[in-house]
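Reading through the structure tokens given below for one structure.
Order of the sequence lines sets the chain letters (A, B, ...), proteins ahead of strands, with each chain counted from 1.
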Amino acid sequence: MADLTDPLAARREKLARLRAAGVDPYPPRFSRSHQAAEVLERFAELEEDASVRVAGRLQSLRPMGKTTFGHIEDASGRVQIYARRDQLGEKGYRLLKTIDLGDFLGVRGSVFRTRMGEISIRVEELVILAKSLRPMPVVKERDGERYDTFQDREARYRQRYLDLMLNPETRETFRQRSRTIAALRRLLDARGFLEVETPVLQLVYGGALARPFRTHHNALGLDLYLRIAEELPLKKLIVGGLERVYEIGRVFRNEGLDRHHNPEFTMLEFYWAYADYRDAMDLVEEMLRAVAREVCGGLEIAWGEHQIDLEPPFARRSMMELIREATGEQVLEQDAETLRATCRRLEAEMPPDASRGKLIEKIFDLAVAPALVQPTFVTDHPKLVSPLAKSHRDDPERLVERFELFVGGQELANAFSELNDPEEQRRRFEQQGALRAAGDEEAHPLDEDYLMALEHGMPPAAGVGIGVDRLVMLLTGAEAIRDVLLFPHMRPRTRGAAPAAPTDRGEA
RNA sequence: GCGCCAGUAGCUCAAUUGGCAGAGCAACUGACUCUUAAUCAGUAGGUUCGGGGUUCGAUUCCCUGCUGGCGCACCA
């Protein structure tokens, strides 16, 4: 005899009882006439009407002898069910004894309002649609107040399905994420951009300054990299004449993880022939406006204690000017030693091989970026850290035509007038090679295949990359990237030496 | 990778100076035909994260490992 105080054993025993009674605990389908929310919304026309058929997960159960109340929940919401023995019959009512919280049920019955005023379904037929064998955490609710909520962060990330079934705000966050991406796609489509897909597995990675993941192709006996950006293949499409292309895809960077970083994340990149980085700023402003309207219903967004205003136009400030205002330093004129000293003053010890460009970026990150709460385009970066950007029309020796959009102290977008001079591109790659030789593991590798494409001629073009996860964080007020990723990267769970399946509540 | 903090029943959390490991919810049994954190009576449930040490005695003190959270560093 199974120990019935063990919830797992108790549920398996009920499952066996159902099967013994000839009930299929996992029937193939159930046809619904209404969603839960519809029953509530259309109560006036449904009341005491024929029958509605609703299905969902059982979220609460209150048996009271010959009467039982409960709530079933579907994607639209939850509705109360009311079962009576005299209505269901002896046999039908006994089925309730084999039901647990978390089971999927289908009910048929009439809609009415209880004495306490809650719109409910008087159950005339009850069907088990899927027996649940593990107890889910129980969240109770009264007068809108929720008790014993499921808040353990680790469990929420590792078992997102529990988070989704128990926390409505989690469901809302991911709906907002989906709406954000849909809105971006709609806007680009409307502007004549073509959505494309480019390879994730690459022989030479590129398009950003970052360390890659490595993988291996067995049949070809070939080591490959997972892409760190979408950039280079997309620009080959510009060479090919597609003129306006974009990709929303996963990129992979082999770096540490924290509140703002996951090893794989979603990047939107678009490339726009015959436009420059200033045109791109206009379009990015419009994209943020469209997305904020769609997802937040307005252009004012709460961000911690601040209100962020996404009404265009955004501030456009040169990086060097911002650094000068914050530190008094004319960094563009200074040598590496002076820059390193400034870093030290800002409490960052930089590696001895760090280039001037990296040092300037660091100074910016420490002294300027955190204060950029309202949307700000930071423009005109040092050439050394921007190997794919076109030299600046006003200062071609030292600067490039580039912007990064900062909102809430975070970088949301990175863009430039694309470098389309193949000879200069080769020299920039070679310069990166020198940085790499000096120990910079993030320096951009030389890509002959890309250079060949450029030699065929690429029209002037603007290119933009937007960190979709961070955009969603901004729009949803999430403070960690994990809160906007359905399945954030987690260390594997191990028990002792042997790798084990993820632990689950109720596991012996 | 470094620093700080945490890990006790399925869940949320207690446990005095180092002295019998507890409560609520969930589970199980019973009562209850308009309840809603249903209520009432009862039952069961523990490798106190793993390993080692100190001690007559360790949830508690020490060492070590694992996992997580937060911060720093790197990156977007």
With both distances under 3.5 Å as the test, what is the Watson-Crick or G-U wobble partner of B/rU36?
none
Partner set under side-chain hydrogen bond (donor to acceptor under 3.5 Å, both in side chains) for A/H260, not counting sequence neighbours:
A/Q410
With heavy-atom distances below 4.5 Å as the criterion, would you say the side chains of A/T170 and A/L164 are in contact?
yes
Expressed in angstrom and rounded to an integer, what is the separation of A/L366 atom CG from B/rG71 atom C1'?
15 Å
Distances under 3.5 Å between protein N/O atoms and the N/O atoms of nucleotides 3-6 of chain B, please, pair by pair.
none

Considering just the side-chain nitrogens and oxygens of A/R158, establish if one lies under 4.0 Å of OP1 or OP2 belonging to B/rG68.
yes
I'd like to know if A/D258 reaches the base of B/rC72 with its side chain, counting only an N/O donor and acceptor under 3.5 Å.
no
Nearest-angstrom distance, P atom, B/rG53 to B/rU60:
14 Å
Close N/O contacts between protein and nucleotides 36-38 of chain B (under 3.5 Å):
{"unit_1": "B/rU36", "atom_1": "O4'", "unit_2": "A/R62", "atom_2": "NE", "d": "3.1"}
{"unit_1": "B/rU36", "atom_1": "O2", "unit_2": "A/Q80", "atom_2": "OE1", "d": "3.4"}
{"unit_1": "B/rU36", "atom_1": "O2", "unit_2": "A/E118", "atom_2": "OE1", "d": "3.1"}
{"unit_1": "B/rU36", "atom_1": "N3", "unit_2": "A/E118", "atom_2": "OE1", "d": "2.7"}
{"unit_1": "B/rA37", "atom_1": "OP1", "unit_2": "A/R142", "atom_2": "NE", "d": "2.3"}
{"unit_1": "B/rA37", "atom_1": "OP1", "unit_2": "A/R142", "atom_2": "NH1", "d": "3.4"}
{"unit_1": "B/rA37", "atom_1": "OP1", "unit_2": "A/R142", "atom_2": "NH2", "d": "2.8"}
{"unit_1": "B/rA38", "atom_1": "OP1", "unit_2": "A/K140", "atom_2": "NZ", "d": "3.0"}
{"unit_1": "B/rA38", "atom_1": "N6", "unit_2": "A/P63", "atom_2": "O", "d": "3.1"}

For a quick test of reading the model: is some side-chain N or O of A/K362 closer than 4.0 Å to OP1 or OP2 of B/rC74?
yes
Exactly one of A/L419, A/V400, A/N414 clears side chain to side chain contact (heavy atoms under 4.5 Å, CB included) with A/S386, and that residue is A/V400
For atom C1', what is the distance between B/rU8 and B/rU54, given to the nearest Å?
22 Å
Whole Å only: how far is the CG atom of A/L257 from the P atom of B/rC72?
15 Å
Pairing partner (Watson-Crick or G-U wobble, both distances under 3.5 angstrom) of B/rC5
B/rG68
Both distances under 3.5 Å, Watson-Crick or G-U wobble: report the partner of B/rA26, or none.
none
Under 3.5 Å on both distances, the Watson-Crick or G-U partner of B/rG57
none
Mind checking what makes side-chain hydrogen bond (donor to acceptor under 3.5 Å, both in side chains) contact with A/E269, not counting sequence neighbours?
A/Y271
More than 12 non-hydrogen atoms from neighbouring residues, nucleotides or ligands closer than 6.0 Å to CZ on A/R62, yes or no?
yes
Under 30°, 30 to 60°, or over 60°: which ring-plane class applies to A/Y82 and A/F112, parallel, tilted or perpendicular?
tilted
Residues in side-chain hydrogen bond (donor to acceptor under 3.5 Å, both in side chains) contact with A/T68, at least two apart in sequence or another chain
A/Y93
Among the nucleotides B/rC34, B/rC28, B/rA76, which one has an atom lying closest to any side-chain atom of A/R470?
B/rA76
Could you state the interatomic distance from CZ (A/F377) to CD (A/E285), rounded to the nearest 0.5 Å?
4.5 Å
Pair up each side-chain donor or acceptor in residues 361-368 of chain A with any protein partner under 3.5 Å, not counting sequence neighbours, and list the distances.
none

